[in-house]
Every structure is written in C-alpha cells, then in structure tokens.
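Here's the structure we're looking at; comments come further down.
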Protein chains: 2
Amino acid sequence: MQTALPKFDSVFSVDCVIFGFEEGVLKILLIERNEEPFKDWWALPGLFVAPDESIDEGAERILNELTGLSNIYMEQLYTFGDVDRHPEGRVITVAYYALIRLSGKNELHPHSRYARKAFWHPVNELPKLAFDHSLIFEKSLEKIRRRISYQPIAFELLPEKFTLTQLQNVYEAILSKKLDKRNFRKKMLNYGILKELDEKQRGVSYRAATLYKFDRRKYAKLFQKELSFMKE
Amino acid sequence: MQTALPKFDSVFSVDCVIFGFEEGVLKILLIERNEEPFKDWWALPGLFVAPDESIDEGAERILNELTGLSNIYMEQLYTFGDVDRHPEGRVITVAYYALIRLSGKNELHPHSRYARKAFWHPVNELPKLAFDHSLIFEKSLEKIRRRISYQPIAFELLPEKFTLTQLQNVYEAILSKKLDKRNFRKKMLNYGILKELDEKQRGVSYRAATLYKFDRRKYAKLFQKELSFMKE
DNA sequence: TAACTTAGTGTAGGAAATACACCTATATTC
DNA sequence: GAATATAGGTGTATTTCCTACACTAAGTTA
C-alpha cells in the first residue's frame with residue numbers, strides 16, 4: 001500500500017444471495033431487472049456502495065430495502081473482480097449471503113422499490129442469472145453447505161419454534177441428501193443446544209409434534225468445541 | 001445493480017498475508033513502510049488494483065514482485081471496507097493469503113523494489129501492524145487453521161520431498177498444539193495421499209528419515225470424500 | 001563401542017457414526 | 001366410534017474413528 005491514493009473510477013457494488021426456507025424447499029430471492037444491461041433477466045439483489053457506508057452497511061441496506069427486516073444473519077462471501085464482469089465498466093462486487101425466516105406471509109417490504117419485482121425461486125430450478133450471478137450463487141451454496149456442518153445456521157431459516165422434522169428438512173435441503181431420522185434426532189438432542197418446549201405444533205391434520213427452540217445460551221457455552229453436525 | 005454506473009473515487013487495494021515455514025516456525029512476510037501514513041510501521045505487502053487487472057491478478061502481482069515466484073497457492077480471504085480504515089480516503093482492500101515454500105536461501109526477488117524492506121516474522125512475535133492489518137492477519141490465521149483440518153494445504157509450505165516429522169511440525173505450528181506422533185502418522189498414511197520415496201533425508205547428524213511426496217493424483221481421486229484431518 | 005538423537009512402530013479402550021423397523025398419537029373420514 | 005391415514009417418536013448392535021500411551025531401531029558422533 002503506497003501513500004498517494006490513485007484516482008481511478010472504480011465502482012463497488014454489493015450483491016446478496018438471500019436464502020429462505022418454505023414448504024420444505026430452499027429458495028433465494030431474485031430481482032427481475034428492468035434496465036439494461038441484462039434487461040428482463042433475473043439477478044441477485046444488489047446496490048452500489050455509498051462513499052460514506054461500509055460494505056457491511058451496504059449489504060444491510062439491501063436486505064432492509066427488500067424485506068424491511070434488520071438484524072438478519074448475514075455474512076460476507078467473496079469478492080468478484082474480473083475486469084469484464086460488468087459490460088459497462090469496471091465494477092467490483094462484494095457478495096454476501098443472508099438467511100431469513102419466512103413466515104409464509106408476504107415477506108417483501110411494501111414500500112420497497114423492489115416490491116413488485118422480487119420473487120422467491122427454489123434453488124433447484126433457478127433461471128439463468130445476469131452478470132456472473134450464477135457463479136456467486138454457486139459459491140454461496142457451497143459456503144452454507146460447509147457451514148451448516150459445523151455451525152448452527154439452520155435455525156436462522158426457521159421460525160423461533162420449530163419441530164425436529166422441520167429442522168431435519170432444512171439440513172436435508174441444504175445438504176441435498178436424506179438423513180436418518182433417528183440418528184438425526186439423537187445427534188441433535190445430544191448437542192444440548194435445543195430447548196424442548198411444553199408446546200405442540202398446531203393446525204396440522206395428524207399427530208402434532210413437539211416444538212423446540214434453539215438455545216443460544218447453551219450454544220455459546222459449548223462454542224469453543226465447535227459442533228460437528230451431520231457427517232453422515 | 002442499476003444501470004448507470006455512478007462516478008465515485010473509490011480505491012481498491014489488495015493486501016496479502018504470505019505464510020512460510022522455516023525452522024519449525026510459521027512466519028509471515030512483512031514490509032517496512034517508508035512513507036506516510038504509518039511510516040516506519042510494519043505492514044502486509046499490498047498494492048492498488050490496476051484498472052485492467054482482476055483482483056486475483058493483483059494478488060499474484062504482489063507475490064511476483066516480492067518473491068519472483070508464480071504459481072503459488074493463494075486464496076482470497078476477505079474484503080475489508082470500513083469507511084475509515086485508511087486515514088487518507090476510502091480504500092477498500094481485498095485480502096488474500098498465500099502459502100510458499102521456503103528453501104532457506106534468500107527468498108526475496110532480487111529485482112524487487114521491496115528487496116531491502118521485506119522480512120519474515122514469526123507469527124508468534126508480530127509487531128503492531130499498520131492500518132487494520134493485524135485484523136487481516138488474525139483472520140488469515142483462523143482461515144488456514146480451519147482449512148488445514150480438511151484440506152491438504154500443509155504440503156504447500158514444505159519442499160516437494162519431506163519427512164513425516166516435518167509435516168507434523170507444520171500441523172503443529174498452524175494449529176498451535178502438539179500432536180501425537182503415532183496417531184499423526186497412522187492417520188496421515190491411512191489417507192493414502194502420500195507417496196513413500198525410496199530415499200532418505202540427507203545431511204542430518206542422526207538417523208535419517210524416509211522422504212515422502214504429496215500424491216496429487218491420489219488426492220484428486222479421493223477429493224469427493226474430503227478428508228478430515230487432525231481433529232484431536 | 002558407547003552414547004546420543006531422532007525414526008519408527010501397535011494395541012486396547014472409548015466415543016461417535018451408522019444402519020435399521022416398528023409402535024404411537026392425533027385428526028379425519030365413513 | 002371404528003377404521004384409516006399420516007407423521008411422531010423411539011433403541012440397539014456394529015463398525016469406524018479417535019485417543020492415550022512407551023519402547024526399540026537405526027544412524028551419527030565422540
């Protein structure tokens with residue numbers, strides 16, 4: 001790093017892969033572009049970083065504009081900086097991924113400029129994406145696959161109270177493989193990071209399952225040891 | 001991402017944490033700054049990204065200018081973009097880390113502008129670093145600690161032919177803990193990614209150890225399963 | 001040839017991962 | 001209210017991996 005800052009018109013953007021889990025399916029939020037380049041293509045939501053905001057703040061701004069939510073689980077993924085990744089000039093983008101809780105209602109911020117353009121897409125049936133966004137998505141999926149096997153990020157995709165089957169479904173959707181029910185429960189309960197509630201699932205047309213909560217306190221205590229989830 | 005690219009003078013840099021392993025000690029390469037800001041401080045080697053080079057190319061340029069080497073194991077680490085991380089303006093930096101083989105001879109490129117300013121520092125006795133470089137270093141160390149436990153990056157720090165004790169020393173230095181010799185050897189040989197050579201260590205004043213090579217072919221075959229090294 | 005230094009080796013116990021199938025509870029339907 | 005349908009919930013035996021642990025072998029030097 002030298003002293004005099006060079007002047008050169010480089011542009012930063014932030015793009016965000018926003019994951020949600022709905023009806024047993026892992027989905028991401030895409031925007032339909034209505035401008036060139038890539039007009040009418042689907043793209044990851046993104047924006048240009050303002051001179052007075054940090055990159056993290058930029059990423060939070062995306063989420064807030066789209067969903068109205070803040071305090072979302074979010075993490076930087078990778079920075080994509082090929083010279084020709086944007087057809088109109090040099091744009092370096094810092095990619096983030098986020099995990100959000102879908103409640104089944106309308107999740108999009110009603111005042112957002114994106115409100116009519118953003119839709120959830122199952123990750124297994126994604127359209128072609130603008131720019132290098134398919135690559136960014138691939139990388140984000142690899143990242144959460146790896147991460148879910150040693151950190152409790154699955155809970156970020158579920159409501160506060162959830163059943164063990166729902167939890168297992170998140171693991172199966174992200175890892176895209178079936179897990180054994182008994183082993184899953186045994187392992188998960190053994191970690192001691194779930195709190196069993198005195199409460200059952202409601203509104204199902206079959207035997208209701210027990211609800212659980214993720215116990216952040218207990219997790220924090222165990223944090224040093226780092227869990228090793230779901231090797232099978 | 002919108003259409004019209006905004007004009008705003010943001011500056012990108014690349015900074016690189018370059019790891020080497022010498023005399024049983026893990027070291028990084030630091031530059032002594034002779035300019036403001038942070039004149040006379042130690043800093044990670046870095047440079048500004050040119051308009052016509054990708055970020056990866058920028059990182060390679062650092063390594064090449066410093067060491068004259070190319071084809072080095074290198075990976076993007078994280079992007080640091082706080083508004084005030086550089087006292088003279090907005091500079092976003094993409095950090096990389098690299099692992100290089102030290103042969104004990106002079107490792108610095110003789111024609112480099114850095115030739116007289118770069119020195120290896122043991123990671124356990126680092127000085128304070130300029131900018132947020134201490135933070136970058138911490139993050140790089142976390143990254144290689146995690147990575148070495150599931151990917152064979154230790155070999156990148158060793159000469160092509162090495163002894164099992166040398167290999168164990170790399171693991172111990174990165175994980176900063178002692179490992180059991182018998183268990184280490186058992187596990188390492190079991191993976192089947194080492195080729196035993198018909199050759200012994202030379203120039204030692206005690207019983208010479210067998211030399212091994214990392215067998216990239218065999219590793220590629222096993223790659224799917226992803227090894228899980230050194231949990232103990 | 002004695003002494004020093006590192007190389008190199010095996011086993012037993014415990015913990016964790018895996019494979020595997022049936023009964024139970026509740027809601028719905030007839 | 002009996003039958004049916006659906007998901008909930010549970011245990012054990014096997015294997016694999018991790019861990020702890022100490023001595024002999026080989027080569028070098030004095």
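Here is the naming used below: chain letters follow the sequence lines, and residue numbers restart at 1 for every chain. Worth knowing before you read on, the calculation uses all heavy atoms, side chains too, and leaves out hydrogens, waters and symmetry mates.
Listed nucleotides D/dT10, D/dT19, D/dG11 differ in distance to A/K186; the shortest reach to its side chain belongs to D/dG11. Side-chain atoms of B/A209 lie closest to C/dG8 of the nucleotides D/dC21, C/dG8, D/dG9.
Within the 3.5 Å criterion, the main-chain N or O of A/Y78 finds no donor-acceptor partner in the side chain of B/Q76. A distance-only check finds a donor-acceptor pair linking the side chain of B/E57 to the backbone of B/S54 [under 3.5 Å]. In this structure, the side chain of A/T93 engages the main chain of A/S13 through a donor-acceptor pair within 3.5 Å.
Taking a cutoff of 4.0 Å between a charged side-chain nitrogen and a carboxylate oxygen, B/K177 and B/E172 do not qualify as a salt bridge.
Regarding B/F184, its CZ atom lies at a distance of 17 Å from the C1' atom of D/dC17, rounded to whole Å. As rounded to whole Å, 13 Å separates atom C1' of C/dT24 from atom CZ of A/R185. If you measure from atom CG of A/L211 to atom C1' of D/dG8, you get 12 Å, rounded to the nearest angstrom. Atom CZ of B/R182 is separated from atom P of D/dA22 by 8 Å (rounded to the nearest Å). Distance NZ (B/K178) to P (D/dT19): 17 Å, rounded to an integer number of Å. D/dA26 atom C1' lies 17 Å from atom CZ of B/R202, rounded to whole Å. Summarising the geometry, the separation between CE on B/M188 and P on D/dC17 is reported as 15 Å, rounded to the nearest angstrom. The separation between B/L194 atom CG and C/dG8 atom P is 13 Å, rounded to whole Å.
The shortest side-chain heavy-atom distance between A/L26 and A/L141 falls under the 4.5 Å cut-off.
Taking B/K181 as the reference, nothing meets the side chain to side chain donor-acceptor pair (under 3.5 Å) condition, with sequence neighbours excluded.
OP1 or OP2 of C/dA7 has not a single side-chain nitrogen or oxygen of B/T210 nearer than 4.0 Å.
Take the nearest nucleotide of DNA chain C for A/V204 and for A/K181: the residue whose nucleotide is more 5' is A/K181.
Listed here is the closest heavy atom pair of B/R85 and B/F80: CD-O, 3.4 Å.
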Expected rows: protein N/O vs nucleotides 3-6 of chain D N/O, under 3.5 Å:
none

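Residue-to-nucleotide contacts include a donor-acceptor pair under 3.5 Å from the side chain of A/N183 to the base of C/dA19.
No engagement by B/T163 is indicated, since no non-hydrogen atom pair under 4.0 Å with the nucleic acid exists.
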